[in-house]
Amino acid sequence: MMAKLSLRGVRKRFGDVDVCNGIDLDVADGEMVCLIGASGSGKSTLLRCMNLLEPIDDGSIWLDGSDISEPGLDAQPVRQKIGIVFQSYNLFPHMTAAENVMLAPRRVHGHTRDALRPKITALFERFGLGDRMDHYPDQLSGGQQQRVAIIRALAMAPEIMLFDEITSALDPELVGEVLDVLRDLRQQGMTMVLATHEMGFARELADKVCFLDAGRILEQGPPAKLFTAPREARTKAFLSRVL
């Protein structure tokens, strides 16, 4: 089966540091892949390379069999297909939750508020925020703001979603409500790549877990195998600290 997203020999350098050092990865359609590893191992940069927020220095990235990493390629259509959500919500404080979500579809596709409202309302209701659409960010909890950020990405109808440590800035009691959103997307068949410290979640729902160390995928496999019988000493040491 052809991968939905493929990375081959991807390298990204900042100065003299290889943050991504020859990454090979295949993500199948409908698959959830979790990236784990210590801070600084390259997870966030790898995600940013996947939707071309960071241009790669070497290698190639393929979406549905087409090379999207060619120099000079217009990145905007790619970013519409590959959405990304960060740990910081990045909501505009002077706009309501609904206005934040509608902004990109209005600018990119030229949709009107009235045309968007039914679709946006359905998304808010789907994720338990139907009564918060007209609230401003400072009237929402951290978990609610993060769910709005996810809805904002989904409003562009992406084919793949990338999540960069989206629970790490939340109070512990709010983490569960955001992970429930990911469970819902998983059940809907969304293709997802997550950088996460939530090992229990990765173990429960991931199709594949990749352990990153010093810019390389040192080990990858099904969670049942990687968490219970890791091959690499570095993987064993990391898991012994976090589990």
Side-chain angles (χ1 to χ4, degrees), residues 5 32 44-45 47-54 63 68 73-196 198 201:
L5 185 69
M32 175 187 274
S44 294
T45 300
L47 290 178
R48 292 172 67 88
C49 288
M50 286 180 184
N51 83 333
L52 310 185
L53 282 174
E54 292 286 355
L63 175 64
I68 61 171
L73 185 83
D74 182 7
Q76 192 58 44
V78 173
R79 293 184 192 135
Q80 290 176 35
K81 293 182 178 181
I82 307 178
I84 189 166
V85 180
F86 302 100
Q87 58 179 279
S88 55
Y89 324 124
N90 297 322
L91 301 176
F92 290 108
H94 64 288
M95 293 182 176
T96 65
E99 288 169 343
N100 268 282
V101 170
M102 289 183 190
L103 184 62
R106 287 179 62 214
R107 286 190 173 177
V108 175
H109 299 304
H111 297 317
T112 64
R113 283 190 179 91
D114 289 344
L116 284 169
R117 191 81 183 184
K119 175 187 175 183
I120 299 304
T121 299
L123 279 171
F124 273 88
E125 290 178 348
R126 175 179 165 189
F127 297 119
L129 292 174
D131 60 344
R132 295 289 189 270
M133 290 179 62
D134 297 317
H135 286 55
Y136 289 90
D138 64 0
Q139 298 173 308
L140 303 173
S141 71
Q144 289 170 338
Q145 290 185 63
Q146 190 59 284
R147 279 185 279 164
V148 172
I150 294 171
I151 292 169
R152 178 178 56 190
L154 292 174
M156 295 299 288
E159 298 174 14
I160 300 172
M161 283 294 296
L162 312 176
F163 297 99
D164 186 13
E165 305 283 9
I166 61 170
T167 59
S168 63
L170 298 177
D171 293 332
E173 65 268 22
L174 301 177
V175 169
E177 65 187 54
V178 174
L179 294 182
D180 283 343
V181 172
L182 300 184
R183 287 189 179 91
D184 182 89
L185 292 175
R186 176 82 170 81
Q187 291 172 354
Q188 298 295 321
M190 174 64 75
T191 307
M192 292 183 278
V193 185
L194 296 77
T196 184
E198 300 291 338
F201 179 82

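Reckoned from all heavy atoms, side chains included, excluding hydrogens, waters and symmetry mates. The structure presented is a predicted model; accordingly, all values stated were derived computationally and were not measured.
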Legend entry - CA sep, side-chain torsions, deciding dist, call: Leu53, Arg79, side chain to side chain contact (heavy atoms under 4.5 Å, CB included): CA-CA 8 Å; Leu53 282 174; Arg79 293 184 192 135; 3.9 Å; yes
Inset, instruction - Start with the C-alpha gap between Lys81 and Leu63, add the side-chain angles, then the distance that decides, and say whether side chain to side chain contact (heavy atoms under 4.5 Å, CB included) holds. - result: CA-CA 9 Å; Lys81 293 182 178 181; Leu63 175 64; 3.9 Å; yes
Inset, instruction - List the steps and the verdict of side chain to side chain contact (heavy atoms under 4.5 Å, CB included) for Phe163 and Leu182. - result: CA-CA 10 Å; Phe163 297 99; Leu182 300 184; 3.6 Å; yes
Inset, instruction - List the steps and the verdict of side chain to side chain contact (heavy atoms under 4.5 Å, CB included) for Leu73 and Val78. - result: CA-CA 9 Å; Leu73 185 83; Val78 173; 4.2 Å; yes
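Between Met32 and Phe201, some side-chain heavy-atom pair lies under the 4.5 Å cut-off. Two residues are said to be in side-chain contact when any heavy atoms from C-beta on lie closer than 4.5 Å; Phe86 and Arg48 meet this criterion. A 4.5 Å side-chain heavy-atom check between Leu185 and Leu154 finds at least one atom pair inside the cut-off. Looking at heavy atoms from C-beta onward, Ile150 lies in side-chain contact with Ile166 at the 4.5 angstrom threshold. Side chains of Pro105 and Met156 form a contact here, defined as non-hydrogen atoms less than 4.5 Å apart. Two residues are said to be in side-chain contact when any heavy atoms from C-beta on lie closer than 4.5 Å; Phe124 and Val148 meet this criterion.
Of the inter-residue distances, the one linking Met161 atom CE with Leu47 atom CG reads 11.0 Å to the nearest 0.5 angstrom. A distance of 6.5 Å separates CE of Met192 from CZ of Arg186, quoted to the nearest 0.5 Å. Expressed to the nearest 0.5 Å, how far OG1 of Thr121 lies from CD of Glu125 amounts to 6.5 Å. Expressed to the nearest 0.5 Å, how far CD1 of Ile151 lies from CE of Met102 amounts to 11.5 Å. We find the CG-NE2 distance between Asp138 and His94 to be 13.0 Å, quoted to the nearest 0.5 Å. Leu52 CG to Ile82 CD1: the interatomic distance, rounded to the nearest 0.5 Å, is 6.5 Å.
Remark: Arg183 engages Asp180 in a salt bridge, criterion side-chain N to carboxylate O under 4.0 Å.
Thr196 places a side-chain N or O within donor-acceptor distance of the main-chain N or O of Glu198, the cut-off being under 3.5 Å. Here the side chain of Asp164 pairs no donor or acceptor atom with the backbone of Ser44 at under 3.5 angstrom. A distance-only check finds a donor-acceptor pair linking the side chain of Glu99 to the backbone of Thr96 [under 3.5 Å]. A donor-acceptor pair under 3.5 Å links the side-chain atoms of Asp74 to the main chain of Gln76, judged by distance alone. A donor-acceptor pair is defined here as one N or O able to donate and one able to accept, closer than 3.5 Å; such a pair exists between the side chain of Gln145 and the backbone of Leu140. With hydrogens and angles ignored, the 3.5 Å screen pairs no side-chain donor or acceptor of Gln146 with any backbone N or O of Val178. For the pair Gln187 (side chain) and Asp184 (backbone), a donor-acceptor distance under 3.5 Å is absent. Although no hydrogens or angles enter the test, the distance criterion places a donor-acceptor pair under 3.5 Å between the side chain of Arg152 and the main chain of Tyr89.
Heavy atoms from other residues, nucleotides or ligands lying under 6.0 Å from NZ of Lys119 number more than 12.
The side-chain contact (heavy atoms from CB on, under 4.5 Å) test with Leu5 is passed by exactly one of Thr191, Asn51, Ile160: Ile160.
For Arg147, the salt bridge (Lys or Arg N to Asp or Glu O under 4.0 Å) test picks out Glu177, with sequence neighbours left out.
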